[in-house]
Amino acid sequence: MKHSDSMFDNIEKNTNVKQEDIMKLVQSLQGADFQDEKTVRKVIRDVGALAGKSVSARKEDELVKAVMNNDIPLDLASLSKWFQSSR
């Protein structure tokens, strides 16, 4: 088993999201314009649907603003804290 296969196995086990669904999402994001609000909102909704989570209008607005302002931390620890504080 390749390292990437075990990574996807872990994701599937922890989230119930299938590898092929993740790959479809990744492919749809290639070349996406993250400065276009309509695109950002679609991505947020797609990720929420894939994860089986609803995103409130307020949360969606906060996420759109953060993405478009490049205000999302890139390291995992900061990202985790950011999501915890923005609930």
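These figures come from a predicted structure and were not determined experimentally.
Residues passing the side chain to side chain donor-acceptor pair (under 3.5 Å) test with K24: none are found, sequence neighbours excluded.
E62 places a side-chain heavy atom less than 4.5 Å from the side chain of R58. Between E37 and V64, some side-chain heavy-atom pair lies under the 4.5 Å cut-off.
Here the CG-CD distance, from L25 to Q30, works out to 10.5 Å after rounding to the nearest 0.5 Å.
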Original post:
Please walk me through it: do D33 and K38 pass side-chain contact (heavy atoms from CB on, under 4.5 Å)?
Top reply: CA-CA 9 Å; D33 178 5; K38 185 177 178 181; over 6 Å; no

Original post:
Run the salt bridge (Lys or Arg N to Asp or Glu O under 4.0 Å) check on R41 and D36 step by step: do they pass?
Top reply: CA-CA 9 Å; R41 287 188 184 279; D36 175 56; over 6 Å; no

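The side chain to side chain contact (heavy atoms under 4.5 Å, CB included) with K42 is formed by just one residue from the set I44, V40, D46, T39; it is D46.
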